[in-house]
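This report concerns only the one structure given below.
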Amino acid sequence: MKKKIVFITGITLAVVLLAMGCSNPTGGLDGNLGTGPLTLKGRIYEEGFPSPPSYTLSYTPINKNGTLTASTGESAAITNGFFDLTVTPSSSLASFSTVAAGEFFSDWVNVTSSNGSALFEALELATSGGTIGDGDLYRRKGQISVKGSSYTETYQGVFYLYVNADATITGDSRTSSHNNFYKAFTLDLKQGWNAVCVSGVYTGNFSSPEQSGTITLSISNPADLYWVFDDDSYIGG
């Protein structure tokens, strides 16, 4: 293998990796999770990059202890790799222009909200202390298939977005300088917590560092993702 395959190379850090697990948060799989507190729990895994001959992306449960802290202010103990955390929105809700101007939707163009008065908050999770140390916790899952010298990567990740009133966010498509196509999207956010799913499909060849991908956004909450501990940064493009 001539290069290390970096999954979700084309998506902005915050969009892709803001919270991803094996157990579903309160609210179900449709992505609109309700106005009540958001409960996240499960076991934390370490993600291993693929290597020949199988190129399987591995997820290994960890048995470490520490503390998990949410950007909304709550915290919970991590015990032998397991956690149970309930969060509510903080008092630091922001206008959509602030959210859109940041990293969350910056890979798309003409991103707008149907409700100019709606306020938003995106959830971030971080670990600290004990044996787990400092890192970020994301909810995601990747796979790779290989045929000859070509490969296809697929990846899904979820981030949790709170809004204090119903709002529809739309964005137009864009092709980046790295041949990544960001498909136009419509996100129908309901008052309360919403699970925004980022899906990426990338193709490439081991003989070349170049790859191309298609990235989509949707309101959904896949059940088969992992809570992944990550102390490294991903590079968008």
Side-chain angles (χ1 to χ4, degrees), residues 12-45 65-79 81-105 111 113-130 132 134-140 156-169 187-198 217-223 225-230:
T12 303
L13 171 66
V15 173
V16 181
L17 304 174
L18 265 180
M20 302 185 182
C22 276
S23 59
N24 300 320
T26 302
L29 296 178
D30 65 356
N32 298 125
L33 304 178
T35 58
L38 177 67
T39 299
L40 306 172
K41 60 183 178 179
R43 184 162 199 169
I44 301 174
Y45 291 75
N65 303 315
T67 300
L68 179 64
T69 302
S71 57
T72 48
E74 298 87 352
S75 63
I78 299 170
T79 305
F82 289 89
F83 72 94
D84 189 334
L85 175 67
T86 298
V87 300
T88 58
S90 71
S91 58
S92 301
L93 301 181
S95 66
F96 180 73
S97 60
T98 301
V99 175
E103 296 186 20
F104 304 116
F105 300 102
V111 180
S113 171
S114 66
N115 187 342
S117 61
L119 299 177
F120 298 79
E121 183 169 22
L123 180 67
E124 299 180 66
L125 302 172
T127 67
S128 62
I132 196 168
D134 295 341
D136 296 306
L137 189 66
Y138 305 121
R139 192 166 175 244
R140 66 177 187 239
Q156 280 189 312
V158 164
F159 72 98
Y160 299 105
L161 189 63
Y162 179 86
V163 61
N164 69 351
D166 291 359
T168 298
I169 300 175
L187 303 178
D188 291 320
L189 304 179
K190 302 299 182 183
Q191 181 180 0
W193 289 102
N194 296 266
V196 180
C197 182
V198 184
L217 292 178
S218 63
I219 299 295
S220 61
N221 191 26
L225 307 183
Y226 294 96
W227 289 108
V228 176
F229 170 78
D230 196 337

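Sequence positions, counted from 1, serve as the residue numbers for this chain.
Summarising the geometry, atom OG belonging to Ser92 is positioned 11.0 Å from atom CG belonging to Leu119; distances are rounded to the nearest 0.5 Å. With values rounded to the nearest 0.5 angstrom, Leu187 atom CG is found 10.0 Å from Asn32 atom CG. For the atom pair OH (Tyr226) and CZ (Arg43), the distance works out to 12.0 Å, reported to the nearest 0.5 Å. Taking CG of Asn194 as the start and CG of Leu189 as the end, the distance is 4.5 Å to the nearest 0.5 Å.
Nearest heavy atom pair, residue Ala167 against residue Val163, reads CB-CG2, 4.4 Å. Taking all atoms of both residues into account, the shortest heavy-atom contact from Ile78 to Thr127 is CD1-CG2, 3.9 Å. The two residues Ile132 and Gly66 come nearest to each other via the heavy atoms CG2-CA, 4.0 Å. Minimum heavy-atom separation, Asp230 to Arg140: OD2-NH2, 3.0 Å. Taking every heavy atom of both residues into account, Thr72 and Trp193 meet most closely at CG2-CH2, 4.2 Å. For Ser113 against Phe120, the heavy-atom pair with the smallest separation is OG-CZ, 4.2 Å.
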Begin from the C-alpha positions of Leu33 and Tyr162 and carry the test side chain to side chain contact (heavy atoms under 4.5 Å, CB included) through to its verdict.
-> CA-CA 9 Å; Leu33 304 178; Tyr162 179 86; over 6 Å; no

Residue pair Ile169, Val111: steps toward the side chain to side chain contact (heavy atoms under 4.5 Å, CB included) verdict | CA-CA 7 Å; Ile169 300 175; Val111 180; 3.9 Å; yes

Output, in order, the C-alpha distance, side-chain angles, deciding distance and verdict of side chain to side chain contact (heavy atoms under 4.5 Å, CB included) for Leu68 and Trp227.
-> CA-CA 12 Å; Leu68 179 64; Trp227 289 108; over 6 Å; no

Side-chain donor/acceptor pairs under 3.5 Å, residues 82-89, sequence neighbours excluded:
unit_1: Thr86; atom_1: OG1; unit_2: Thr39; atom_2: OG1; d: 3.2
unit_1: Thr88; atom_1: OG1; unit_2: Glu74; atom_2: OE2; d: 3.1

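Residues Leu125 and Leu40 are in side-chain contact: their nearest non-hydrogen atoms beyond the backbone lie under 4.5 Å apart. Taking the side chain as every heavy atom from C-beta outward, Cys197 and Asn221 never approach each other to under 4.5 Å.
Asp188 contributes no side-chain N or O that, together with a main-chain N or O of Thr168, makes up a donor-acceptor pair within less than 3.5 Å.
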